[in-house]
Amino acid sequence: QSALTQPPSASGSLGQSVTISCTGTSSDIGAYNFVSWYQQHPGKAPKFIIFEVSERPSGVPDRFSGSKSGNTASLTVSGLQAEDEADYYCSSYAGGPYVFGTGTRVTVL
Amino acid sequence: EVQLVESGGGWVQPGGSLRLSCAASGLKFDDYAMHWVRQSPGKGLEWVSGISWNSGMKGYADSVEGRFTISRDNAKKMVYLQLNSLRAEDTALYYCAKDPDYVWGKYGMDVWGQGTTVTVSS
């Protein structure tokens, strides 16, 4: 039950895009299309922003998009805004105990 | 509006016990699985436990298996986490979270509470 691997940090300029990777194995990301993403601002609870690899819950802007290739999932934030500066976590169904990614801090330059 | 409110956190000595509670409102509670997720100070999210809508399916992280027990009371719209044999590394903010489905695991957690803090220290 190892955590999924994310880069510790990523950055992008206002209005530009940033993509965060989430690497797992053939037992989790590679086996199922059940990848989710969460956004967490400092001192706040996580917010659900992507499910089933690329689906957005109601109310989440379409600037947030998800994809998957093999054992790696990705979250892209387009048209970066100041409020997108936060920590982002991926997660994946693994047929048993649930697993989160290590987290990526996104900085908006 | 769906709301989850955790309670029961506090300070406890190593080896001690605590019972966390999560009160749900604004939803048909027994339609959904529920989770507990924790976050140690300055660290990432760690899934702790999940329970299906009817308590028929429960799961635990390896780090808490055999020490923590999840349960729910659908009539009261409550989910609980019993923490036994606590260790310093269990110190964290514990979140209650709702699953969009009636069995946990596939879709993630779509609603989160604000958390309750557990501190394990001598």
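In what follows, every chain begins at residue 1, and chains take the letters A, B, ... in the order their sequences are listed. What you are looking at is a predicted structure, and each value in this text was computed from that prediction instead of being measured.
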Item to check | Joint hydrophobic cluster, A/Tyr88 plus A/Leu14, side-chain heavy atoms closer than 4.5 Å | outcome: yes
Next on the checklist: I need the residue from A/Pro46, A/Ser91, A/Pro57 with the largest number of non-hydrogen atom pairs under 4.5 Å to chain B.
Outcome noted: A/Pro46
Next on the checklist: For the SG atom of A/Cys90 and the CG atom of B/Leu45, what is their distance to the nearest 0.5 Å?
Outcome noted: 10.0 Å
Next on the checklist: Using a 6.0 Å cut-off, check whether atom NZ of B/Lys106 has over 12 heavy atoms from anything other than its own residue.
Outcome noted: no
Next on the checklist: Testing the basics here: between B/Met109 and A/Phe100, what is the closest heavy-atom pair and its distance to 0.1 Å?
Outcome noted: SD-CZ, 3.8 Å
Checklist entry - Using non-hydrogen atoms and a limit below 4.5 Å, what part of residues 6-20 of chain B faces chain A? => result none
Next on the checklist: Using a 4.5 Å heavy-atom cutoff, which residues in residues 17-41 of chain A come close to chain B?
Outcome noted: A/Phe34, A/Ser36, A/Tyr38, A/Gln40
Checklist entry - Is there any residue in residues 113-122 of chain B with a non-hydrogen atom under 4.5 Å from a non-hydrogen atom of chain A, and which ones are they? => result B/Gly113, B/Gln114
Item to check | Neighbour count above 12 (heavy atom, 6.0 Å) for A/Arg105 CZ | outcome: no
Item to check | Transitive ILVMFWY side-chain link B/Val79 to B/Val2, under 4.5 Å | outcome: yes
Next on the checklist: On a heavy-atom basis, which atom in B/Gly108 and which in A/Tyr98 lie closest, and how many Å separate them?
Outcome noted: CA-OH, 3.0 Å
Item to check | Proximal component of B/Val111, with respect to chain A [non-hydrogen, under 4.5 Å] | outcome: neither
Next on the checklist: Less than 4.5 Å to any heavy atom of chain A: does that hold for the side chain of B/Tyr107, its backbone, both, or neither?
Outcome noted: both
Checklist outcome for this item: Across all chains, not counting sequence neighbours, the salt bridge (Lys or Arg N to Asp or Glu O under 4.0 Å) partners of A/Asp84 are A/Arg63
Checklist entry - Are B/Leu81 and B/Met78 linked, directly or through other ILVMFWY residues, by side chains that come within less than 4.5 angstrom of each other? => result no
Item to check | From CA spacing to verdict: side-chain contact (heavy atoms from CB on, under 4.5 Å), A/Tyr89, B/Gln39 | outcome: CA-CA 12 Å; A/Tyr89 295 90; B/Gln39 188 168 34; 3.4 Å; yes
Next on the checklist: A side-chain contact here means heavy atoms from C-beta on lying under 4.5 Å apart; do A/Pro97 and B/Tyr60 qualify?
Outcome noted: no
Next on the checklist: Is B/Glu65 close to chain A through its backbone or its side chain, or both, or neither, when contacts mean heavy atoms under 4.5 Å?
Outcome noted: neither
Checklist entry - Taking atom CH2 of B/Trp53 as the centre, does the number of heavy atoms from other residues, nucleotides or ligands within less than 6.0 Å exceed 12? => result no
Checklist entry - Shared ILVMFWY cluster between B/Met57 and B/Tyr80, side chains joined below 4.5 angstrom? => result no
